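Since the model is a prediction, treat every value here as computed from it, not as a measurement. Start at 1 and go down the list; that is how both ligands and their atoms are numbered.
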Amino acid sequence: MPSPSPAPPPVLPISEHEDEIVAAVDANPVVVVIGETGSGKSTQLSQILHRRGYTRRGAIAVTQPRRVAAVSVSRRVAQELGVPLGDEVGYAIRFEDRTSERTCIKYLTDGILLRESLSNPELKQYSVIILDEAHERSLNTDILLGLMKRLIKDRASDLKVLITSATLDGLKVSKFFSGCPVLNIPGTLFPVEKFYSTDRPTNYIESSLRTAIDIHAKEPPGDVLIFMTGKDDIDKMVSKLEERIRNLEEGSCIDALVLPLHGSLPPELQVRVFAPAPPNCRRFIVATNVAETSLTVDGVVFVIDCGYVKQRQYNPSSGMYSLDVVQISRVQADQRAGRAGRTRPGKCYRLYPISIYQNEFLEATVPEIQRSSLAGSVLYLKSLNLPDINILKFDFLDPPSRESLEDALRQLYLIDAIDENGQITDVGRVMAGICYKFL
Ligand SMILES: Nc1ncnc2c1ncn2[C@@H]1O[C@H](COP(=O)(O)OP(=O)(O)OP(=O)(O)O)[C@@H](O)[C@H]1O
């Protein structure tokens, strides 16, 4: 089968800093790369290092906190290099491994990299590990940050680690990695104009609907990405939006197609959003925060951001999780806005006043590690058999509370996963394998 014809290489802000990036990577085991949304971190860094010979000794792994991002970014990189997906460029996500022995650029979820390190703690198959979207502060990425810190001591001569983020506090990460260099890549590709509401709406679904219909009626062609908090809101939004579009006067607007996008959608339905829009048709993509980072949906010009997200919160005193709708952080708001302006100028409608963005939103999302049960992660760390590891003193970028670490140890002891000395049991090892099989 002939290879797909290569897309013209984009001149992205990051491409203009290729020499500087390569010089920093040549000279240091760890480099932090901070770049604005759409500057090219996810798609270009791996290609730059591949071009400069870093795949001669091993593959480049690029982690993503979300499956849909691992698939879509690897697809884009394969397209840019003009190779079939699964050959030199591939991806590995839960239940799906699209790589071969020839794969030298591999996109994978952070959970899959953790699973790989269970059977191969030194991750010798990789010459470069890029932890992408570190600002998301997923639990798995935070554990990987700690593991990378150990790993580069053992593999200082043959492993490079890059940590990339749109907004992560570079100095803090640099300090964590003993003062490693931080490269700030300025510049975005296209401008995104931001509009704020004067008040917080009482009903964000209704307000998003009104804004979407307004765009459809008044704005030139361009797809609309609408952020909702979860599947239930998305289902409601999709059916109401379809109904309102049906009720518009015939011929008053171009055609419309409404597509949901969330983590529990089967992959074949998720990828529908990456297919080109039918001619003369505006697509409305109604998504959770799976669309917040790394994704480029070609055609998206307008973003509607309700300012909320559904977040799991663990309470170690009760041992219970709650699922709460909470305000997003400024980092998340900027990531959401950054989904527009990637292939052309865009507009972002924030359904909250600028004062809320500036004064009420937290600067960054609370790291998942500080709001999760750590039983699975502690079990994982124990199963690695790392020498001299003390879980209560494991080197985390933002350490979880002692209470949640002790809670995790207690829970693991109660289910016989560790013994009274804190050593992992045979049962614990089986459990760790099962946990990470499903990541
Ligand atoms: N599937 C795609 N279709 C069209 N253009 C794309 C696609 N994927 C990437 N691009 C182009 O490449 C640019 C860089 O994308 P990339 O994902 O590498 O940026 P990034 O810096 O990682 O952004 P973010 O931090 O927002 O994830 C986009 O702004 C867009 O112009």
Side-chain angles (χ1 to χ4, degrees), residues 4 6-18 21 32-50 60 62-66 68-82 85 89 91 105 107 110 130-138 141 162-168 170 183-192 222-223 225 227 261 270-277 283 285 287 289-301 303 305 330-346 348 364-365:
V11 183
L12 297 171
I14 217 156
S15 312
E16 291 167 11
H17 294 263
E18 176 162 336
I21 292 167
V32 177
V33 180
I34 311 276
E36 306 219 5
T37 59
S39 58
K41 302 176 297 297
S42 308
T43 54
Q44 305 306 312
L45 273 178
S46 57
Q47 294 187 64
I48 291 175
L49 297 178
H50 175 47
I60 297 176
V62 190
T63 66
Q64 293 290 330
R66 300 175 197 290
V68 60
V71 176
S72 68
V73 180
S74 61
R75 181 169 293 163
R76 171 70 182 178
V77 172
Q79 192 193 11
E80 285 184 13
L81 288 174
L85 185 61
V89 183
Y91 67 84
I105 300 180
Y107 285 83
D110 44 18
I130 303 178
L131 304 184
D132 196 17
E133 310 295 353
H135 57 261
E136 281 234 345
R137 300 301 305 276
S138 73
T141 295
L162 280 83
I163 294 138
T164 86
S165 163
T167 37
L168 184 70
L183 301 181
N184 280 293
I185 311 292
T188 50
L189 217 48
F190 299 100
V192 178
D223 296 341
L225 175 62
F227 283 97
L261 177 63
Q270 288 185 347
V271 295
R272 278 190 311 174
V273 305
F274 301 106
R283 297 184 312 159
I285 297 155
N289 57 349
V290 298
E292 204 170 87
T293 41
S294 272
L295 290 201
T296 299
V297 180
D298 196 8
V300 168
V301 173
V303 168
D305 170 17
R330 283 202 287 282
V331 169
Q332 287 178 288
D334 295 344
Q335 284 295 312
R336 288 180 177 193
R339 294 315 104 194
R342 297 173 84 78
T343 53
R344 64 194 94 170
C348 174
T365 316

Q) Which of the numbered atoms in ligand 1 are below 4.0 angstrom from a heavy atom of Leu12? A) 12 (O), 13 (C), 14 (C)

**Q.** Thr37 N/O to ligand 1 N/O under 3.5 Å
**A.** no

Q) In terms of atom number and element, which parts of ligand 1 are under 4.0 angstrom from non-hydrogen atoms of Glu36? A) 21 (O)

Q) Would you say ligand 1 has an N or O under 3.5 Å from any N or O of Thr43? A) yes

Q. Got Leu183 and Ile34 here, is their nearest side-chain heavy-atom distance under 4.5 Å?
A. no

Q | Contact with ligand 1 for Gly338, non-hydrogen, under 4.0 angstrom | A | no

Q: First locate atom CD of Gln335, then atom CD of Glu136, and finally report the distance between them rounded to the nearest 0.5 Å.
A: 7.5 Å

Q.
Given the ring of Phe227, does Arg336 sit roughly above its face, with NZ or CZ under 6.0 Å from the centre of the six-membered ring and within 45° of the axis?
A. yes

Q: Calculate, to the nearest 0.5 Å, the distance between atoms NE2 and CG belonging to His17 and Leu45 respectively.
A: 11.5 Å

Q | Sub-4.0 Å heavy-atom approach of Gly35 to ligand 1 | A | no

Q) Distance only, no hydrogens: is a donor on one side chain within 3.5 Å (strictly under) of an acceptor on the other, for Tyr107 and Ser46? A) yes

Q. Among Gln44, Gln64, Arg342, His135, whose heavy atom sits nearest atom 16 (P) of ligand 1?
A. Arg342

Q | Within-cut-off N or O pair, Leu295 and ligand 1, under 3.5 Å | A | no

**Q.** Leu12 vs Ser39 side-chain heavy atoms within contact, under 4.5 Å
**A.** no

(Q) Suppose I only count heavy atoms of Thr343 and a 4.0 Å limit; which atoms of ligand 1 are within that range? (A) 4 (C), 5 (N)

Q. Looking only at N/O atoms, are Glu80 and ligand 1 under 3.5 Å apart anywhere?
A. no

Q) Does Gln79 have a non-hydrogen atom less than 4.0 Å from ligand 1? A) no

Q: State whether a side-chain donor-acceptor pair under 3.5 Å links Asp132 with Thr63.
A: no

Q) Within the structure, does Glu133 bring an N/O atom to less than 3.5 angstrom of an N/O atom in ligand 1? A) yes

Q) Does a side chain donor of either Arg342 or Thr296 reach within less than 3.5 Å of an acceptor in the other side chain? A) yes

Q. Which atoms from ligand 1 have a heavy atom of Ser42 less than 4.0 Å away?
A. 17 (O), 18 (O), 20 (P), 22 (O), 27 (O)

Q) Are any side-chain N or O atoms of Arg339 and backbone N or O atoms of Leu295, one a donor and one an acceptor, separated by less than 3.5 Å? A) yes

